[in-house]
Undergrad: 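One structure, pasted below without further comment.
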2 protein chains.
Amino acid sequence: MNAATHREFKDRLFEQFARVGKALSSPKRLEIVDLLAQGERTVEEIARETAMSVASASQHLQALKAARMVEARREGLYAHYRLADEDVFRTWQAVRSLAESRLSEVDSVVEAYLVDRDALEAVDATELMERLSDGNVVVLDVRPEEEYRAGHIPGALSVPVDALEAVLQTLPRDREIIAYCRGPYCVFSDEAVALLRSRGYRAHRLRQGLPDWRAAGMPVEG
Amino acid sequence: MNAATHREFKDRLFEQFARVGKALSSPKRLEIVDLLAQGERTVEEIARETAMSVASASQHLQALKAARMVEARREGLYAHYRLADEDVFRTWQAVRSLAESRLSEVDSVVEAYLVDRDALEAVDATELMERLSDGNVVVLDVRPEEEYRAGHIPGALSVPVDALEAVLQTLPRDREIIAYCRGPYCVFSDEAVALLRSRGYRAHRLRQGLPDWRAAGMPVEG
DNA sequence: CATATATTCAACAGATTAGTTGAATAGCAT
DNA sequence: ATGCTATTCAACTAATCTGTTGAATATATG
């Protein structure tokens with residue numbers, strides 16, 4: 001292969017790789033990917049949950065679809081979008097974790113909005129996995145119920161954070177409670193743990209969310 | 001946290017994550033990351049190897065530095081750039097492999113420029129690792145010698161592809177030869193295997209490059 | 001000190017991208 | 001069919017990005 005041809009080859013090849021990078025280069029698109037990791041969503045739901053106009057959400061979805069990272073299923077009036085495969089989540093995970101480890105600004109943002117998060121003493125997936133077999137721990141899935149139905153940690157109870165207050169008394173006071181959520185930056189579990197502690201329960205946050213749990217090869221039920 | 005604050009939190013957080021995505025959204029920057037995975041380089045070297053002007057290379061390097069993905073070391077007149085850590089390569093690997101699995105265009109490009117690549121019967125890292133202990137295989141590092149010096153597969157011989165012709169007769173005819181290179185799309189090993197085969201050697205290509213080998217936790221020498 | 005070289009910076013032009021608005025499309029309900 | 005709703009498309013503007021050019025900076029050498 002001569003030099004000019006070799007350059008052409010590389011240009012075309014890296015142009016393809018960059019399609020994936022470009023898809024991951026917008027905050028809103030990353031948020032969509034993170035959201036779709038919970039399960040499929042209609043355009044309207046995505047628009048609402050990411051605070052975008054429907055047209056804007058649709059356009060970002062087209063961009064993700066052009067990079068073959070999401071797929072749509074049409075059902076009646078609604079287009080249901082989902083991640084095209086597990087690797088999409090893994091790639092987003094790699095980007096997220098690189099940002100976590102290299103960009104101190106991520107910590108600054110977290111600290112600015114989630115005061116004293118360390119106090120919630122997050123537990124890691126592997127740690128929870130061990131304790132699950134001991135059976136001396138109660139796991140709460142504090143996401144919206146629909147997400148629980150789409151898959152949850154085996155044995156976890158579905159207690160959407162808004163419903164927590166109401167079911168508080170049914171929770172055993174003698175066992176440790178671990179609340180989990182959508183991902184490492186999902187605040188539902190922070191709120192749940194704070195409420196539980198204020199009522200005298202021993203509660204912790206699971207550091208990872210369900211998609212991370214699943215991607216780590218841990219068992220998922222339902 | 002009220003809804004408006006929550007939105008602000010997410011916006012700032014995902015803005016940070018997107019810095020990594022943006023850094024990976026240009027073909028040239030991906031090529032730089034891929035190149036730096038071989039070891040550090042000066043701006044001029046990067047510009048030459050990626051077919052860019054020096055000013056352009058410098059700007060892309062600034063962009064990567066702003067995302068804290070590369071670091072520079074100044075030595076006399078020269079700025080030596082390197083990947084900031086192993087996770088940067090792993091993230092690039094994730095992007096690359098997502099593109100490979102989801103974008104059929106990657107295959108089209110490879111097939112268009114590397115005719116009959118399958119014929120070279122690539123060997124996987126794990127497979128090579130097993131055969132290494134048997135000792136019945138010769139491993140050739142066909143990258144420029146300097147890259148060999150910066151780290152290579154234990155026991156591999158440094159035979160830059162241009163030098164292969166000259167050392168052909170010193171290679172044993174009775175053992176299988178496996179040539180490796182910079183990465184899965186590096187063509188040096190293709191050329192080496194083609195030449196070796198045309199002279200009657202049993203030769204194969206290692207599917208992964210040295211950075212992939214290293215990232216997979218395989219031993220690296222030198 | 002003057003000169004040479006590697007790199008960075010600043011200013012610019014052209015291309016691409018993000019978000020908005022309003023219209024078009026497609027499928028359901030009546 | 002008519003209306004209703006979810007989604008997509010098209011046109012537009014503002015903002016951002018890429019590459020180029022030439023100047024500025026920094027560090028070596030004579």
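From a predicted model like this one, the values you see are computed outputs, not experimental measurements. Throughout, a chain's letter reflects where its sequence line sits, starting with A, and its residues are numbered from 1.
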Undergrad: For nucleotides 19-28 of chain C, give me every protein contact, N/O to N/O, under 3.5 Å, one pair per line with atom names.
TA:
from, atom 1, to, atom 2, distance (Å)
C:dG19, OP2, A:His60, NE2, 2.5
C:dG19, N7, A:Gln59, NE2, 3.4
C:dT20, O4, A:Gln59, OE1, 3.2

Undergrad: For B:Ser104 and B:Asp107, what are the C-alpha separation, side-chain angles and deciding distance, and is it a side-chain hydrogen bond (donor to acceptor under 3.5 Å, both in side chains)?
TA: CA-CA 5 Å; B:Ser104 57; B:Asp107 278 334; over 6 Å; no

Undergrad: What is the nucleic acid contact for B:Ser25, judged by heavy atoms within less than 4.0 Å: base, sugar-phosphate only, or nothing?
TA: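 The residue B:Ser25 makes no contact with any strand.
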
Undergrad: Rounding to a whole Å, what distance do you find between B:Ile46:CD1 and D:dG19:C1'?
TA: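 These atoms are roughly 17 Å apart.
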
Undergrad: Using atom CG of B:Leu61 as one end and atom P of D:dC17 as the other, report the distance to the nearest whole Å.
TA: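 After rounding, the reported distance stands at 17 Å.
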
Undergrad: Aromatic contact between A:Tyr185 and B:Phe17, with the criterion being ring centroids under 6.0 Å apart: yes or no?
TA: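 Ring-ring flag for A:Tyr185/B:Phe17: true, centres closer than 6.0 Å.
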
Undergrad: Which of parallel (below 30°), tilted (30 to 60°) and perpendicular (above 60°) describes A:Phe14 and B:Trp92?
TA: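 Parallel: the ring planes of A:Phe14 and B:Trp92 meet at under 30°.
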
Undergrad: Taking B:Glu147 first and then B:Arg41, would you say they form a salt bridge - that is, a charged N and a carboxylate O separated by under 4.0 Å?
TA: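 Between B:Arg41 and B:Glu147 there is a salt bridge, with a charged N closer than 4.0 Å to a carboxylate O.
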
Undergrad: Report the nucleotide, chosen from D:dT8, C:dT7, C:dT17, that has the shortest atom-to-atom distance to any side-chain atom of A:Tyr81.
TA: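 It is D:dT8.
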
Undergrad: Take the protein atom CG of B:Leu64 and the nucleotide atom P of D:dT18, then report the distance between them rounded to whole Å.
TA: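 Distance check: B:Leu64 CG to D:dT18 P gives 10 Å.
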
Undergrad: Can you tell me if A:Arg29 touches the phosphate of C:dA18, counting only side-chain N or O atoms and a distance under 4.0 Å to OP1 or OP2?
TA: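 So the side chain of A:Arg29 is within the cut-off, an N or O lying under 4.0 Å from OP1 or OP2 of C:dA18.
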
Undergrad: Take atom CD1 of A:Ile32 and atom C1' of C:dA18, then tell me their distance rounded to the nearest Å.
TA: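 Distance check: A:Ile32 CD1 to C:dA18 C1' gives 12 Å.
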
Undergrad: Where is the tightest heavy-atom contact between B:Gly151 and B:Arg214, given as atom of each residue plus distance?
TA: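 Looking at all heavy atoms of both residues, the closest pair is CA-NH2, 4.4 Å.
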
Undergrad: Just how far, in rounded Å, is P of C:dA18 from CG of A:Leu30?
TA: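 To the nearest whole Å, that distance equals 11 Å.
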
Undergrad: Any donor-acceptor pair under 3.5 Å linking the side-chain atoms of A:Glu44 with those of A:Tyr78?
TA: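 No, no side-chain donor-acceptor pair sits under 3.5 Å.
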
Undergrad: What is the distance, to the nearest angstrom, from the CZ atom on B:Arg48 to the P atom on C:dA6?
TA: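 In whole Å, C:dA6 P lies 11 Å from B:Arg48 CZ.
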
Undergrad: Could you tell me how far apart B:Arg19 (CZ) and D:dT16 (P) are, to the nearest whole angstrom?
TA: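 After rounding, the reported distance stands at 15 Å.
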
Undergrad: Of the options B:Arg90, B:Arg96, B:Arg182, B:Arg207, which is the one that meets B:Asp212 in a salt bridge (Lys or Arg N to Asp or Glu O under 4.0 Å)?
TA: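 Exactly one option meets the salt bridge (Lys or Arg N to Asp or Glu O under 4.0 Å) with B:Asp212, and it is B:Arg96.
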
Undergrad: Nearest whole Å is fine: how far is C:dA15 C1' from A:Lys22 NZ?
TA: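 From A:Lys22 NZ to C:dA15 C1': 11 Å.
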
